[in-house]
Amino acid sequence: MLLPAFTRMARASIIAIWLGAAGYAPAADTIVVGGEDGYEPYETLNADGEPVGFNIDLMRAIGKATDSEVEFRLGSWETMRQALQSGEIDVLGMFVSDRREASVDFARPHVIVHHRIFIPAGAEPINRIEDLAGRSVIVQREAWSHEFLRQSDQEMALTLVDSDSEGLALLSRGGHDAALLTEHRSRHTMRENRLDNLTVSGPPVLPVEYALAVREGNQALLAQINVGLERVMASGAFDRIYARWLQPLDGNEREPGGYGVAISAIIAVVVLAVFAWLLWKLLAYRRDMRQAQQQIAYLREHDALTGLLSRHALEQRLDKLCEVDSDKRHSLLEINVDQFRVINETVGHAAADRLLRSLGTRLQELFPADALIARQGADEYAVLMPETDEARAAELGRELLDSLDENPLAPQRGAGSLTLSVGVVSFDHRDGGIARILRRADCACLAAKDDGGNRVHVWQPDDARLAEKFGELGWVARIQQALAEDRMTLYWQPISPTSGPPFRTVAVEILVRMLPEVDGEAPITAAEFMPAAERYFMTTQIDRWVVSTTLEWMTAHRDSIDRLDRVNINLSGRSLGDQRFLDFLDRILRRHVGLLPRLCLEVTETALISNLEQVSRLFQRLNRGGCRIALDDFGTGVSSMNYLRQLPVDYLKVDGSFVRDIDRDPSALEFIAEINRLGQSMGKITVAECVETESVQGCLKSVGFDLMQGYLVGHPAPLDELIVHLTRPLRVANIP
């Protein structure tokens, strides 16, 4: 078993190395990185006087990724800020704010840092920043929280300290009502100093972006850091550094044991013993690997539905434009479909997908050949126009809206005319990098929506007020608050056989929703908040909650669950790449081992393959205990039948984009039949997603598909309704 496992690891390593290759030539000088001594877990000096912490590991990884030498200097916060301005140091990690952007240049933000309100144990809870009014509050001098409170209109007595640890020590001695301090640093201080007379009050507050800053105008170093940061993130090293220093807040960290060391030693011995054999084997895979690389490159650069550029590819090209020292202006248009949720619910997913493809075609027809067009999200597009001023970009945006009036792209009768909101921003290399440009484009598009939609809005400085109200940063705070207030909830959607008794529920997929803050409003779907959760490393928190809550519910309703073959739980790619989450999953499933025969874990093929070794070992053990694994969105990633032979996969869930048109497209039906034949020949159970009509069900039945899921079978419903559903009589349908 060890040799095939090592082969898979070698193949994955080759792909990772290929993806990270780029022709970047780093600066030859040593990068001097500053930091605040004692600011754990970000940076500090250990007992041997060596710098350690999140920023230390991150900058070492960036230096390695760009072939640069890195040197560290730690001191007080004020000393380091002055050293950055004077040029004594080159890089300093800090919170992003408008005030600081006036004196330094920020690389793209890579972490969201939250603040917490700390109070004496037993004191009256303080859940919001607004509740600090009229109280004695401790805050760090010149920190982001200090800047925020100075700019607010609230009256309070501020006591300034030089560090979070000093603030907590002062609060523990009495005489103050609260301290507003950063979360990770302060929790670490409370744990290390055993400040048991203090407690955290309320949910996280004041989320702020954290980034690496360079002296204003040092564009060469800024570009180098951005390139290195992108490579570190793409390699997975960033996730490991984040998990080591910032993610665990519950005290459940575990030191690596001797098992990992033993495995490493075994692998080293095997490498030496079978090196010649591996060379021969790798040559045999040469053609397959080349094809896999081409597939990965295409999928990394393009959207699967429309064929347009992906968000990642657009950001890469935008980054290159920002690096060019030129007076030429460029323009970026962000385009959102107005009321897309209503359209989707009115006409169905298949028709809505046709609309999105048609809109992509329309953009390609209207905009010049040198424009870069991308699909950034479910209903979001972007057009990057090099060497084009905002007047010309806005003119093309209005032509786009006029063209929809002449020939609406409404997917079908009853859906109404299609309208768009278009935001335009003009920029050059002096405008602060892609993070700021993208935020401005978001704000301009949101301003167009806020004014009623179906219009073009050119970015204005005042539009930034909408970012906190509607932007991703706002979602981060809402997700944190929903988790703290227990406003996440679970829904279910049935899975049924394509033949036999019609619409017999044999399995269900668990879906997560967020309950609104205002009673009476509809729950918020995962599609709305999960992109922000994925970007800011919050999916693991959500997945932990979903797994724990689902297992508790299954335990409480064991008699009803025994009527189902499986209860399916989705796991995100971010969670599968986090060893701490895999350890959590292992622990909690050991406690609920009796539920394994009723459980199925759904993962996407790209997520599973990206962390093949660690995930495969855990899933193989769970398989032996009765748990089943479903490969979700099959066909949209980089899978091959060779992977399916190696992975512990039991179900293939074929992506709905391959299923929706099989009743009208013979070639699509033939393709589905071939997937079904190959899957079943390897002992996999096939599941078709997004089944919405009886004619599609009839086609699936004719080619022998095992199971189906979609609106024809049932819409998502609150989990509390599942017990009642399992006792209802079966529906009857006219299936040919």
Side-chain angles (χ1 to χ4, degrees), residues 35-57 74-77 93 95 111 113-129 131-132 135-141 143-146 157-208 210 241-257 480 483-484 540-541 544 580 583-584 587:
E36 181 180 358
D37 184 17
Y39 195 63
E40 301 174 79
Y42 292 92
E43 61 239 352
T44 191
L45 294 174
N46 65 13
D48 297 326
E50 298 173 345
V52 294
F54 172 76
N55 285 337
I56 306 301
D57 284 2
L74 273 58
S76 70
W77 173 241
F95 300 142
V111 168
V113 176
H114 291 85
H115 292 70
R116 298 299 289 263
I117 299 172
F118 296 86
I119 63 174
E124 177 186 357
I126 304 175
N127 296 322
R128 303 179 306 161
I129 291 181
D131 297 335
L132 294 173
R135 301 177 188 263
S136 173
V137 181
I138 300 170
V139 67
Q140 184 178 357
R141 181 181 289 104
W144 166 241
S145 53
H146 185 199
L158 294 183
T159 298
L160 303 183
V161 295
D162 291 327
S163 67
D164 294 279
S165 56
E166 181 184 343
L168 290 173
L170 183 60
L171 181 65
S172 69
R173 292 197 292 268
H176 297 276
D177 297 315
L180 180 61
L181 303 168
T182 56
E183 180 169 23
H184 288 93
R185 169 61 184 143
S186 299
R187 282 185 179 270
H188 179 86
T189 298
M190 288 178 61
R191 183 171 60 245
E192 292 296 313
N193 297 332
R194 299 181 179 179
L195 300 178
D196 299 330
N197 62 336
L198 300 182
T199 187
V200 178
S201 181
V205 296
L206 207 59
V208 59
Y210 188 85
I241 296 170
Y242 184 94
R244 177 185 179 189
W245 293 104
L246 299 185
Q247 198 160 22
L249 294 176
D250 55 3
N252 289 334
E253 301 93 333
R254 298 196 308 177
E255 294 296 328
Q480 287 282 13
L483 288 169
T540 301
Q541 298 177 49
R544 281 175 177 251
R580 295 180 186 277
D583 291 341
F584 154 79
R587 290 195 303 271

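Every heavy atom of this structure was used, including side-chain atoms; hydrogens, water molecules and symmetry mates were not.
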Legend entry - Asn193 (side chain) donor-acceptor with Leu195 (main chain) under 3.5 angstrom: no

Inset, instruction - Could you tell me how the ring of Tyr210 sits relative to the ring of Tyr42: parallel (under 30°), tilted (30 to 60°) or perpendicular (over 60°)? - result: tilted

Legend entry - Residue pairs passing the side-chain hydrogen bond (donor to acceptor under 3.5 Å, both in side chains) test where at least one lies in residues 195-207, sequence neighbours excluded: none

Legend entry - Side-chain heavy-atom pair Val111, Phe54 within 4.5 angstrom cut-off: yes

Legend entry - Close side-chain approach of Phe584 to Thr540, heavy-atom, < 4.5 Å: no

Legend entry - Sequence neighbours excluded - salt bridge (Lys or Arg N to Asp or Glu O under 4.0 Å) pairs with any residue from residues 157-168: Arg141-Asp162

Inset, instruction - For the pair Asp177 (side chain) and Ser136 (backbone), establish whether a donor and an acceptor sit closer than 3.5 Å, ignoring hydrogens and angles. - result: yes

Legend entry - Side chains of Asp37 and Thr44 in contact at under 4.5 Å (non-hydrogen atoms): yes

Legend entry - N/O donor-acceptor pair under 3.5 Å between Arg580 side chain and Ala243 backbone: yes

Legend entry - Heavy-atom closest pair, residues Pro120 and Leu198: CA-CD2, 4.1 Å

Legend entry - Main-chain N/O of Leu206 paired with His115 side-chain donor or acceptor, under 3.5 Å: yes

Inset, instruction - Return the set of residues passing side-chain hydrogen bond (donor to acceptor under 3.5 Å, both in side chains) with Asp131 (not counting sequence neighbours), or none when no residue passes. - result: Arg128

Inset, instruction - For residues Val205 and Asn127, report the shortest heavy-atom separation together with the two atoms involved. - result: CG1-O, 4.4 Å

Inset, instruction - Looking only at non-hydrogen atoms, find the nearest pair between Trp245 and Val52 and report the distance. - result: CH2-CB, 4.3 Å

